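Nothing fancy with the numbering, it's 1 onward along the sequence. These numbers come from a predicted model, not from an experiment.
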Amino acid sequence: MVHWKWEHHMKYLLASALIGLSSVAMADNVVKSSPLSVAETIDGLEAAVNGAGATVFARVDHAAGAESVGKSIPDATLLIFGNPALGTLAMEQDIRAGLVLPLQVLAYEDAEGNTQITYTPAEDLLAGLNIAPDAEVIARINGALNMLTDKAMSAN
């Protein structure tokens with residue numbers, strides 16, 4: 001007879017959770033090429049977010065984080081931002097939308113040295129929740145992400 005120890009149970013749950021998260025991370029993200037550097041693209045995105053009346057919650061410099069532990073990765077910065085007027089629409093339909101909100105956009109340097117900007121479209125971000133795929137909030141989030149990232153890449 002096999003007896004599960006608490007540690008084995010927790011390892012199983014953690015592995016299951018990571019498998020579930022990896023399926024979210026593997027969604028088909030929107031990727032756009034930016035003519036600007038990673039920093040300029042994120043600066044432009046931050047300005048666009050602020051200009052739209054939304055809130056920037058965090059700016060995460062992944063390359064600096066890697067450098068702080070003696071590692072090196074290409075330039076990559078994540079901007080986390082949101083607009084309660086939009087996020088609340090999703091959370092009214094399913095409070096679990098709070099697990100994937102606020103929104104996140106990553107600008108990074110690809111293998112050829114070009115800047116890319118990427119985000120997960122709302123239909124993938126909110127998949128599995130009690131939000132219809134054709135809900136107005138999905139179109140509004142996608143419209144905002146598209147508009148903000150376009151503005152970010154045209155900043156001077």
Side-chain angles (χ1 to χ4, degrees), residues 6-88 90-91 94-129 137-138 140-156:
W6 179 249
E7 300 87 39
H8 291 105
H9 184 65
M10 290 306 294
K11 286 180 186 176
Y12 174 77
L13 289 175
L14 180 59
S16 297
L18 290 174
I19 290 168
L21 286 175
S22 69
S23 65
V24 171
M26 307 260 306
D28 289 330
N29 290 332
V30 173
V31 180
K32 300 177 179 183
S33 294
S34 174
L36 307 173
S37 70
V38 169
E40 292 168 331
T41 299
I42 290 295
D43 288 345
L45 179 59
E46 190 167 352
V49 166
N50 289 327
T55 302
V56 172
F57 296 108
R59 184 174 176 148
V60 181
D61 185 336
H62 289 297
E67 188 176 310
S68 76
V69 294
K71 302 282 185 176
S72 177
I73 61 171
D75 198 3
T77 301
L78 179 75
L79 195 71
I80 302 170
F81 61 92
N83 182 337
L86 194 51
T88 300
M91 293 181 71
D94 192 327
I95 195 69
R96 297 173 299 161
L99 281 170
V100 295
L101 296 174
L103 299 170
Q104 300 181 36
V105 173
L106 177 72
Y108 64 95
E109 185 179 297
D110 67 16
E112 289 78 38
N114 300 312
T115 300
Q116 305 296 328
I117 189 166
T118 186
Y119 60 87
T120 303
E123 59 273 16
D124 292 336
L125 195 64
L126 302 172
L129 301 178
V137 69
I138 289 179
R140 290 185 61 189
I141 290 172
N142 283 338
L145 285 166
N146 186 54
M147 181 263 306
L148 292 169
T149 54
D150 282 352
K151 280 188 176 183
M153 297 184 300
S154 64
N156 292 326

For this session: Would you please test Leu106 and Asn29 for side chain to side chain contact (heavy atoms under 4.5 Å, CB included) and show each step?
Result: CA-CA 11 Å; Leu106 177 72; Asn29 290 332; over 6 Å; no

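What you find for Ile73 and Ala66 is that their closest heavy atoms are CG1-CB, 3.8 Å. Nearest heavy-atom pair across Leu126 and Ala90 is CD1-CB, 4.4 Å.
The CG atom of Leu45 sits 9.5 Å away from atom CG of Asn50, with the distance rounded to the nearest 0.5 Å. Atom CG in Asn83 sits 8.5 Å away from atom OG1 in Thr88 (nearest 0.5 Å). Considering CE of Met153 and OG1 of Thr41, their distance stands at 8.0 Å, rounded to 0.5 Å. From Leu79, atom CG reaches atom CD of Glu46 across 5.5 Å, with rounding to the nearest 0.5 Å.
Remark: the backbone N or O of Ala122 is paired with a side-chain donor or acceptor of Asn142 at under 3.5 angstrom. Side-chain atoms of Lys32 come within 3.5 Å of backbone atoms of Asn146 as a donor-acceptor pair (strictly under, hydrogens ignored).
The side-chain hydrogen bond (donor to acceptor under 3.5 Å, both in side chains) contacts involving residues 105-118 comprise Ser33-Gln116, Asp110-Gln116, where partners must be two or more places apart or lie in separate chains.
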Residues 96-105 side chain polar contacts: donor-acceptor under 3.5 Å, at least two apart:
from, atom 1, to, atom 2, distance (Å)
Arg96, NE, Asp94, OD1, 3.0
Arg96, NE, Asp94, OD2, 3.4
Arg96, NH2, Asp94, OD2, 2.7

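Residues Arg59 and Asp43 are in side-chain contact: their nearest non-hydrogen atoms beyond the backbone lie under 4.5 Å apart.
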